[in-house]
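Only this structure's heavy atoms are used, side chains among them; waters, hydrogens and symmetry mates stay out. As the structure is a prediction and not an experimental result, all values here were calculated from the model.
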Amino acid sequence: MPSLIVRDVRNGKVKEIPLTKRRFTIGKSDFNDLVLPRQGVSREHCVLFKRDDAYHLRDLGSRRGTLVDGKPIGDDRRLEHGLRFEVGEFLIQFRDGGVGPGSLKSGLRSASLAGAPAAPASEADYRKARERCHALLLENKELKRVDFESLSPDEARRKTERVLVQIIRDLEAEGKLRGIDRRKLLKDVLDESLGLGPLEQLLKDDNISEIMVNRADQIYIETRDRGMVLADVSFTSDEQVLHVIRRICAPLGRRINEQTPLVDGRLADGSRVNAIIPPLAVSGPTLTIRKFPKERLGVEDLIRFGSLTPEMAEFLQLCVKERLNIVISGGTGSGKTTLLNVVSSFIRESDRVVTVEDTSELKLPQPHVVTLEARPANLEGEGAITIRDLVKNCLRMRPDRIVVGECRGGEALDMLQAMNTGHDGSLTTIHSNSPRDCIARMETLVLFAGTDLPSRAIREQIASAVHIIIQQARLHDGSRKITHITEVTGLESGVVTLQDIFVFKQTGFDEKHRVLGYHTATGNVPKFVQTLRRRGIDVNMSMFAVKAAAEGEKDGRGGGTRRRRRR
C-alpha cells in the first residue's frame, strides 16, 4: 500500500500515513486527510490524487507553494517512489508500497499508524452521524445565544461551522465517526441547518429541471438528458423535510401546519414550490420544486431544440406585433410558461405590459412591465387576492397588453371581455390537450365565474376574442414541441370553427426511442393576413408553403434531417 512518510522539521517527529483514498488532501484545516497545523501551511495546501494507476501531486494555490527540490511545483507532478516534497515546515516522502520509513528513519523515531484503515461507513451509520451532529448543534448553548436574524447568511454560516467543527472533532475522538468522510458530514449538516439540506446540490445542478421529495428517504429528479431518475441523496428524517419546507415558507410570509397543510410559493431563484404535509400527505412531508433555466430562453433556442421552425417563429412574431390575441394550450410540464416568455418577447418595447400570475414566473425583456401576483388567504381565511381580482384591477391600469400566466377559473371570462373591449394583443395559457379541447376548456372556465350565460353567448365571446391557439405538447421521449398553431375563424351553427396553420407530423421513433417527425404548414392562409395586406403590411407568404416529408423529417430533439427509406 502506498504511504507518506511525514517529518516535522521543527521537532524531528516522523510518522507514516497510508494512502487509502484516491484523493488525499493536505492542509491546516481540520477536514483535510492530513492535518498540518502550522503557520506556513494553507487551509487546503495541496492534494494527492490517483490518475492512470499513479499518484500525482497538485498545489491548491497555497501561499508559500508546495516545494520539490526547493522549487514550487507548477503543473501536476507525478509521484515516483522516494520523491520528497515540502509543505511549510514538513518534509514528506512518497513511498510506493509502504515498506517502512526507509531513509527518513535514519536517526529518527518512526511513528507509523497502527492498524488497518477503517472501512467506509454504511449509509445507515452515516445517517445516524448526521442526526447526532444535528441534534448536538441544536442543543449547543453558544448558538442558542446568537440572534441569527440579525446576522448575514455568511456570518451565520461561519459561526455555525465553527461550533460544528468542534462537535465533529469530539465525536471523532470518541471513535463514533469511523469510516465517515468528515468534509462531507460538515457540508451536509450545515446545509440541513442553514440551507435546504440535500436539495442544495440538486438546485445548483442546471441539468435538473424538477425535484420531487416523496418522503425523507426518497427523492426523485427529472434531468434534461435522462428523464426521471432516483437521486442519490436523501433527508435524515421527516422532521428534516418539514424543517426545510418551513425554511422555504418563512420568507414568503406563509405558514404550514396541521391547519394549513399545503402551500405554494417560490424560491429566491424563481423556482416554483409546492409542499404538502401530514395528515394530507400520508407518506410524510412531500415537496415538489419546478426549476426554471437561469438564462432566459429565446426563440433561437426553441428552434435549435426543434420545438418550432423559423417559419413558425416568423408567423408568431407577426401575430404578436399585429396585436392578435393568443392562447397557449398544453398539458402540465409541456412548456407553456417557457413558450409564453418567448412569445411575449415579440411585444414592442413601447407597449405597457401588465402581467398577472399565481406565482411570478414570467421574465419579460420589455422596460415597461408591471408584474402582479395573487395572494392566498391568511390563517383566518381572509385577505385572499385572486387572479380574477387582479385581472379586473389591471383593466384600470391602462395596459396596452395583458399577459395572464394561466387561466384556471372565472378569470377566463374577464380575460375574454378584456380581449373584446380594446385590449388587443393579450396572451394567456390554459390546460388542455388540443386546440378543440382548448375551446371547450375555456367555455367551462367561463361558467366558473358564476354567470348564467348560455353556451352560444360564451362561444360567441370566444370566437370574437381569441385569434390564435398555440398547442404545446410534451412527447413520449420527453421533448417539447409546438404541435399546432391554429386560427379561430369564427362561429358556424353554434360551433367555434378552427383551421390549422402549422402542425407537427410524427412519423415514428428512431433506434433510441426518440420521436421522429417534422413541422409543416398546412397550406391554409390565415384570414387576418388579407386584412394586414390591405393595411399595407408586408406578409411573407412563403411561410405558408407546405413542406414535403423528406425535407422536414427530423428526430424528436431537433437533430439532423432524416430522409425516409425507400421500399
Side-chain angles (χ1 to χ4, degrees), residues 302 307-309 311-320 322 324-340 342-344 346 403-408 411-413 415-416 419-420 424-447 455-456 458-476 479-506 515 517-529 543-544 546-547:
L302 298 191
S307 297
L308 75 168
T309 63
E311 293 79 12
M312 296 165 69
E314 183 182 358
F315 176 73
L316 292 179
Q317 185 173 15
L318 174 70
C319 293
V320 174
E322 298 309 319
L324 299 184
N325 296 321
I326 298 174
V327 175
I328 298 174
S329 165
T332 300
S334 60
K336 297 187 300 297
T337 303
T338 299
L339 182 59
L340 181 60
V342 172
V343 172
S344 300
F346 296 139
V403 180
V404 177
E406 182 181 342
C407 282
R408 61 178 70 179
E411 63 271 7
L413 175 61
M415 191 70 186
L416 291 175
M419 291 175 172
N420 275 322
D424 296 331
S426 297
L427 301 99
T428 188
T429 71
I430 199 167
H431 273 86
S432 58
N433 296 322
S434 70
R436 175 58 60 189
D437 287 347
C438 179
I439 299 297
R441 171 83 169 154
M442 276 191 281
E443 187 176 344
T444 302
L445 293 179
V446 168
L447 296 176
S455 294
R456 183 176 181 86
I458 297 174
R459 291 171 186 171
E460 286 176 351
Q461 287 272 327
I462 294 172
S464 61
V466 179
H467 300 119
I468 296 293
I469 297 173
I470 307 172
Q471 184 67 38
Q472 178 88 358
R474 183 177 180 184
L475 304 184
H476 298 295
S479 62
R480 295 171 173 87
K481 293 187 183 296
I482 294 176
T483 58
H484 297 79
I485 297 180
T486 302
E487 181 187 23
V488 179
T489 56
L491 191 70
E492 188 174 320
S493 301
V495 177
V496 178
T497 55
L498 308 173
Q499 71 168 354
D500 293 333
I501 308 302
F502 294 92
V503 295
F504 175 74
K505 294 188 176 181
Q506 183 175 335
V515 171
Y518 61 97
H519 288 100
T520 180
T522 61
N524 297 324
V525 177
K527 289 186 176 181
F528 66 83
V529 167
M543 74 174 80
F544 304 117
V546 179
K547 183 181 293 185

side-chain contact (heavy atoms from CB on, under 4.5 Å) between His431 and Thr332, worked out: CA-CA 7 Å; His431 273 86; Thr332 300; 3.3 Å; yes
Full working for side-chain contact (heavy atoms from CB on, under 4.5 Å) between Gln461 and Asn420: CA-CA 8 Å; Gln461 287 272 327; Asn420 275 322; 3.2 Å; yes
Begin with the C-alpha distance, continue with both residues' side-chain angles, and end with the deciding distance and a verdict on side-chain contact (heavy atoms from CB on, under 4.5 Å) for Leu339 and Lys336. CA-CA 5 Å; Leu339 182 59; Lys336 297 187 300 297; 5.8 Å; no
Step by step, work out the side-chain contact (heavy atoms from CB on, under 4.5 Å) result for Leu308 and Leu316. CA-CA 10 Å; Leu308 75 168; Leu316 292 179; 4.2 Å; yes
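Here the side chain of Asn325 pairs a donor or acceptor atom with the backbone of Ala465 at under 3.5 angstrom. Between the side chain of Gln471 and the backbone N or O of Ser432, at least one donor-acceptor pair lies under 3.5 Å. At distances below 3.5 Å, not a single donor-acceptor pair connects side-chain atoms of Gln506 with backbone N or O atoms of Val515. A side-chain donor-acceptor contact under 3.5 Å links Ser464 to the backbone of Glu460. Distance alone, capped at 3.5 Å, is enough to place a donor-acceptor pair between the Thr522 side chain and the Asp500 backbone.
Note that the OG1 atom of Thr483 and the CD atom of Gln472 stand 8.0 Å from one another [nearest 0.5 Å]. Note that the CZ atom of Arg408 and the CZ atom of Arg441 stand 9.0 Å from one another [nearest 0.5 Å]. Annotation: the span from Ile501 atom CD1 to Met543 atom CE amounts to 11.0 Å, rounded to 0.5 Å. Leu324 CG to Phe528 CZ: the interatomic distance, rounded to the nearest 0.5 Å, is 5.0 Å. Taking CG of Leu302 as the start and CE of Met312 as the end, the distance is 10.0 Å to the nearest 0.5 Å. Remark: Leu416 CG to Ser426 OG distance equals 10.5 Å, nearest 0.5 Å.
Glu443 is linked by a salt bridge (charged side-chain N to carboxylate O under 4.0 Å, His left out) to Arg459, counting only residues two or more places apart in sequence or in another chain. Residues satisfying the side chain to side chain donor-acceptor pair (under 3.5 Å) test with Thr428, not counting sequence neighbours, are none. The salt bridge (charged side-chain N to carboxylate O under 4.0 Å, His left out) test applied to Arg474 returns Glu222, not counting sequence neighbours.
His519 and Phe504 have tilted rings, their planes meeting at an angle from 30° to 60° on a 0 to 90° scale.
Nearest heavy-atom pair across Cys319 and Ile326 is CB-CD1, 4.0 Å. Of all heavy-atom pairs spanning Ile430 and Cys438, the tightest one is CG2-SG, 3.5 Å. For the residue pair Pro435 and Thr486, the shortest heavy atom distance occurs at CG-OG1, 3.5 Å. Scanning all heavy atoms of the two residues, the minimum distance from Leu445 to Cys407 falls at CD1-O, 3.5 Å. Taking every heavy atom of both residues into account, Ser329 and Ile469 meet most closely at CB-CG2, 4.2 Å.
Between Val496 and Val466, every side-chain heavy-atom pair lies at or beyond the 4.5 Å cut-off. For the pair Arg480/Ser334, no side-chain contact is recorded, criterion being any heavy-atom separation below 4.5 Å from C-beta on. For the pair Glu322 and Val529, the minimum side-chain heavy-atom distance is 4.5 Å or more. The shortest distance between side-chain heavy atoms of Val495 and Ile439 does not fall below 4.5 Å.
Judged purely by distance below 3.5 Å, without hydrogens or angles, the side chains of Thr429 and Glu406 never pair a donor atom with an acceptor atom.
Here the rule is side chain to side chain contact (heavy atoms under 4.5 Å, CB included) with Leu427, and of Val343, Ile470, Val327, Ile468 only Val343 fits it.
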